[in-house]
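Each remark here refers to the structure printed beneath this line.
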Amino acid sequence: KGIKPILPYINMIENIIDINSLQNYMEVSSKYGGGSDFFGIYIGADKKNSKKHSAYLYGGELGLPDRDYYLLDSFQDIRDKYVEHIKRMFMFLGYGDKKCLKYAQTILSFETNIAQYKMDKVERRDPSKTYNPKSIDEIQDMLPMINWEKYLNKIGINNLDTIIVSDLNYFNHLKTILEKEDIDDWRIYFEWGVLNNGASLLTEEMEYANWE
């Protein structure tokens, strides 16, 4: 089927014009694992009480393994190759060479902005930093532009009073990202998420390029 299975999601992304349409897209995509959404929720054993399950709110995905790949000079060669890889993958959507390069450069810049506010791998191993229970009202205050009651209802989570936030610094920064409303950058970031996550499932040529 080629790229046909992801085209409905690409079309939804292209129709994102504001926070409301952004949320509408994320409500749909979250049911299928999302792409590189700004955040997501999963259910797992509570880290401080193994007798119960809790909801965890995690931050958006990065194409490279962790923040160091974006911020350290020693990974410059990998960043250059990452841009070439993104450009190559976008060409499978039929975009022109210049557009693919622009998209790839935008992705690197956008993900670098996200990465600098994420915890590094040492901090992620510290349970006290990844366990931050918040009420729904507190999360609403943290990201007031998202209608959390609607979002949770649409993804099938009801009667929830607490969510454990995995990276507070990231979510505080996400508020700044959403307030800026750089819609074009959001669209490119989300398109890359769908393309990147679906690449190994679409065609042999795309799977090989993705693996390579």
Side-chain angles (χ1 to χ4, degrees), residues 1-40 58-118 170 173-174 176-178 180-212:
K1 295 182 179 179
I3 63 170
K4 287 182 181 179
I6 65 171
L7 290 182
Y9 298 97
I10 299 295
N11 290 335
M12 283 188 69
I13 290 167
E14 290 176 347
N15 287 320
I16 293 174
I17 57 172
D18 53 22
I19 291 285
N20 289 333
S21 51
L22 168 73
Q23 177 169 334
N24 290 339
Y25 168 74
M26 291 180 62
E27 289 166 356
V28 173
S29 68
S30 67
K31 296 180 181 179
Y32 305 98
S36 284
D37 294 354
F38 286 135
F39 55 81
Y58 63 90
E61 298 177 11
L62 298 173
L64 295 175
D66 64 42
R67 71 191 300 274
D68 288 352
Y69 283 76
Y70 294 89
L71 305 179
L72 300 184
D73 292 341
S74 56
F75 291 108
Q76 182 61 53
D77 182 56
I78 289 180
R79 289 194 291 272
D80 292 342
K81 290 177 180 177
Y82 183 47
V83 169
E84 287 300 313
H85 169 65
I86 299 172
K87 175 186 173 184
R88 178 185 183 185
M89 297 306 293
F90 267 114
M91 294 186 80
F92 286 110
L93 295 183
Y95 298 163
D97 190 75
K98 288 184 178 179
K99 182 174 182 177
C100 291
L101 178 58
K102 177 192 173 187
Y103 274 30
Q105 292 170 337
T106 299
I107 290 297
L108 180 62
S109 175
F110 196 82
E111 290 187 352
T112 300
N113 182 29
I114 291 176
Q116 64 183 321
Y117 293 95
K118 278 181 167 279
Y170 166 78
H173 178 60
L174 179 58
T176 302
I177 292 176
L178 295 177
K180 285 184 177 179
E181 295 198 16
D182 292 328
I183 309 292
D184 289 341
D185 289 355
W186 295 358
R187 292 195 195 111
I188 295 170
Y189 173 68
F190 277 48
E191 276 196 41
W192 172 235
V194 171
L195 179 60
N196 192 32
N197 285 358
S200 62
L201 306 171
L202 298 172
T203 70
E204 288 188 13
E205 186 181 9
M206 291 179 73
E207 180 180 20
Y208 183 77
N210 193 51
W211 176 84
E212 195 177 51

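Below, each value reflects all heavy atoms present in this structure, side chains not excepted, and no hydrogens, waters or symmetry copies. The first residue of the sequence shown is numbered 1, and numbering continues consecutively from there.
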Checklist entry - Passes side chain to side chain contact (heavy atoms under 4.5 Å, CB included), V83 versus L101? Steps please. => result CA-CA 8 Å; V83 169; L101 178 58; 4.2 Å; yes

Checklist outcome for this item: Rounding to 0.5 Å, atoms CD (E14) and CD1 (I188) come to a distance of 10.5 Å

Item to check | salt bridge (charged side-chain N to carboxylate O under 4.0 Å, His left out) partners for E204, two or more places apart | outcome: none

Item to check | Contact summary for W186 and I16, nearest pair of heavy atoms | outcome: CE3-CG2, 4.4 Å

Checklist outcome for this item: Taken to the nearest 0.5 Å, the spacing of I107 CD1 from K102 NZ works out to 11.5 Å

Checklist entry - Distance from D73 atom CG to R79 atom CZ, nearest 0.5 Å? => result 6.5 Å

Checklist entry - So do the side chains of Y25 and D37 get within less than 4.5 Å of each other, counting heavy atoms only? => result yes

Checklist outcome for this item: side chain to side chain donor-acceptor pair (under 3.5 Å) pairs touching residues 91-101, sequence neighbours excluded, are K87-D97, Y95-E191

Item to check | L108 vs Y70 side-chain heavy atoms within contact, under 4.5 Å | outcome: yes

Checklist entry - For D18, what residues pass the side chain to side chain donor-acceptor pair (under 3.5 Å) criterion, not counting sequence neighbours? => result S21

Checklist outcome for this item: With F190 as partner, the option from F38, Y103, Y9 fulfilling ring-ring contact (aromatic ring centres under 6.0 Å, His included) is F38

Checklist outcome for this item: Sorted by chain and residue number, the side chain to side chain donor-acceptor pair (under 3.5 Å) partners of K4 (sequence neighbours excluded) come out as none

Item to check | Stepwise side chain to side chain contact (heavy atoms under 4.5 Å, CB included) test for N24 and M12 | outcome: CA-CA 9 Å; N24 290 339; M12 283 188 69; 5.6 Å; no

Next on the checklist: I'd like to check the side chain to side chain donor-acceptor pair (under 3.5 Å) partners of R67; sequence neighbours left out, ordered by chain and number.
Outcome noted: none

Next on the checklist: Ring-plane angle category for W192 and Y82, please: parallel below 30°, perpendicular beyond 60°, tilted otherwise.
Outcome noted: perpendicular

Checklist entry - Does any non-hydrogen side-chain atom of T106 lie less than 4.5 Å from one of D184? => result no

Item to check | N196 side chain near M89 side chain, heavy-atom distance below 4.5 Å | outcome: no

Item to check | Chi angles and distances behind the side chain to side chain contact (heavy atoms under 4.5 Å, CB included) call for I10, R187 | outcome: CA-CA 9 Å; I10 299 295; R187 292 195 195 111; over 6 Å; no

Next on the checklist: My understanding is that only residues two or more places apart in sequence, or in another chain, count here; which of them pass side chain to side chain donor-acceptor pair (under 3.5 Å) with Q23?
Outcome noted: E27

Checklist entry - Can you check whether I6 reaches N197 side chain to side chain, under 4.5 Å on heavy atoms? => result no

